[in-house]
Protein chains: 2
Amino acid sequence: MEAISHAVEDYLKAIYELQEDTGKVSTNALAEKLGVAPASVTGMIKKLAEDRPRFVDYEKHRGVTLTSAGRKIALEVIRHHRLLELYLHQALGYSWDEVDAEAEKLEHVISEDFEDRIATILGNPERDPHGDPIPTKEGTIADPCGQPLSGLTAGQQARVARVRDDDSALLRYLAGIGIVPDAVIVVADKAPFNGPLHVRVGPQSDSPAHALGKQVTDSIYVELKP
Amino acid sequence: MEAISHAVEDYLKAIYELQEDTGKVSTNALAEKLGVAPASVTGMIKKLAEDRPRFVDYEKHRGVTLTSAGRKIALEVIRHHRLLELYLHQALGYSWDEVDAEAEKLEHVISEDFEDRIATILGNPERDPHGDPIPTKEGTIADPCGQPLSGLTAGQQARVARVRDDDSALLRYLAGIGIVPDAVIVVADKAPFNGPLHVRVGPQSDSPAHALGKQVTDSIYVELKP
DNA sequence: ACAAACTTTTAGTCTGGCCTAAATTTATAG
DNA sequence: CTATAAATTTAGGCCAGACTAAAAGTTTGT
Ligand SMILES: [Mn+2]
Ligand SMILES: [Mn+2]
Ligand SMILES: [Mn+2]
Ligand SMILES: [Mn+2]
């Protein structure tokens, strides 16, 4: 137990999340995600790469990746975060666009005991309110399944698997039109050149179609239905 | 909103708590309570006394007291702490000797929204699990009622009002023999020269008497019954 | 009243985590 | 292949909040 700081936890979590998309993580991407100057990121990265245990692999100008020790910490923090989101939503009545900010602070502070207790109360859940998989206590994590809705074409039917949770205004909008995990949607129409997708929500086709722009459909991940 | 740090919150809370006993608060007492070197306390005190808004009144070598601004912050933190203790106990099943440590960390991090939500769920409670009064959102606080059990004499009957919550081993012991807020106790005997107090717990006098030393009876506050 | 003992403050340092400005390295476009 | 642009690192600082060692102030006991 080496007393990992709040800041280090946030760096490792951010690296993990960026690594999911893009293999190596760039200084700039990290700086932007953390709201910090690029020079600060370089400084922190050097510590993470030099101190023992090493949390990242780092080659100058070449980006950074997590070591397995780093990944373990990241998954612990993400487990805290996602369990907290679900707990805030289910037990305290937070709406799904409010949970992220609160969990962001609590994740660094709760004990393992707290973690275990809310996990038990929630029935050892596998997904958070946005559909993201919750890592296990052992440090494994299920596949964040689904493909971007933006890739579908007219006529296809799908189940919403998860939704990016970083934009709280977007989450409010999506909840308003019924786009939440497990909702069933049908692509009514797709305009060319990355034009809006027209989507009906719910099993009935009598619901109104909603026109969703690229930014929105890139934030929604779905699983195709046969 | 001046972004009050975690450390400042703990200093103000500690000053408040020490002030309850002893009017002015000494550097050493504060250092011991916070687990920090006296020199560090002097440094922080100077900031608290110089920055605007001033949180403490301070005269060199003469100790420190809270200003009303400082008191307000202290009571906010204490409200968080005590609501959290009760929530952890009631909603998450923590025992009363475990709640303090967890609340100590969470108190600095929860939002006003979180505070409001747990207060509502708990029914806007007035006391925490140890019988301490919970400050209101407006910054008032009820009297921490009761007198030390050590002051009673043989034959007196009383209701337990509250128990010092800082020693977790003591709390476990007391819970084991039934000394919790609202328990009724009778002083069976008192040995001279600050000797142990023999106390029966519960309304029936057939219960065994427990011998409690000064350190213990100083930690228990009671209200005399007629 | 005064020395010893205790308390408190000063002086000087350290670490973590951030910043800006300037230098350097890598990528890109003609 | 070079010139510019973009990304990254270095250099130099700042601030909060701790520390130790030494100085100064206060209390106490005789
Ligand atoms: Mn965070
Ligand atoms: Mn989420
Ligand atoms: Mn605290
Ligand atoms: Mn308490």
To the nearest angstrom, how far is [X] atom [atom1] from [N] atom [atom2]?
X        : N       : atom1 : atom2 : answer
Glu32(A) : dA7(D)  : CD    : C1'   : 13 Å
Phe55(A) : dG16(C) : CZ    : P     : 13 Å
Arg62(B) : dC6(C)  : CZ    : P     : 20 Å
Glu9(A)  : dG16(C) : CD    : P     : 16 Å
Leu48(A) : dG17(C) : CG    : C1'   : 12 Å
Lys46(B) : dA18(D) : NZ    : P     : 16 Å
Ile45(B) : dT7(C)  : CD1   : C1'   : 12 Å
Glu59(A) : dT9(D)  : CD    : C1'   : 15 Å

Exercise for review: For Ala37(B), answer base if it contacts any base atom (sugar-phosphate contacts may also be present), sugar-phosphate if it contacts only those atoms, and nothing otherwise; contact means non-hydrogen atoms under 4.0 Å.
Suggested key: base
Review point. Is there a donor-acceptor contact under 3.5 Å linking the side chains of Asn28(A) and Ser26(A)?
Key: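 Looking only at side-chain atoms, Ser26(A) and Asn28(A) do not form any donor-acceptor pair under 3.5 Å.
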Practice item. Report yes or no: do Asp128(A) and His81(A) form a side-chain donor-acceptor pair below 3.5 Å? Key: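 Judged by distance alone, the side chains do not pair up.
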Review point. Salt bridge between Asp51(B) and Lys47(B), side-chain N to carboxylate O under 4.0 Å?
Key: no
**Study point:** is_close_aromatic(Trp96(B), His130(B)), centroid dist under 6.0 Å
**Key:**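 Ring centres of His130(B) and Trp96(B) closer than 6.0 Å.
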Check your understanding: When you check the phosphate oxygens OP1 and OP2 of dT10(C), does a side-chain N or O of Thr42(B) lie under 4.0 Å from one of them?
Key -> no
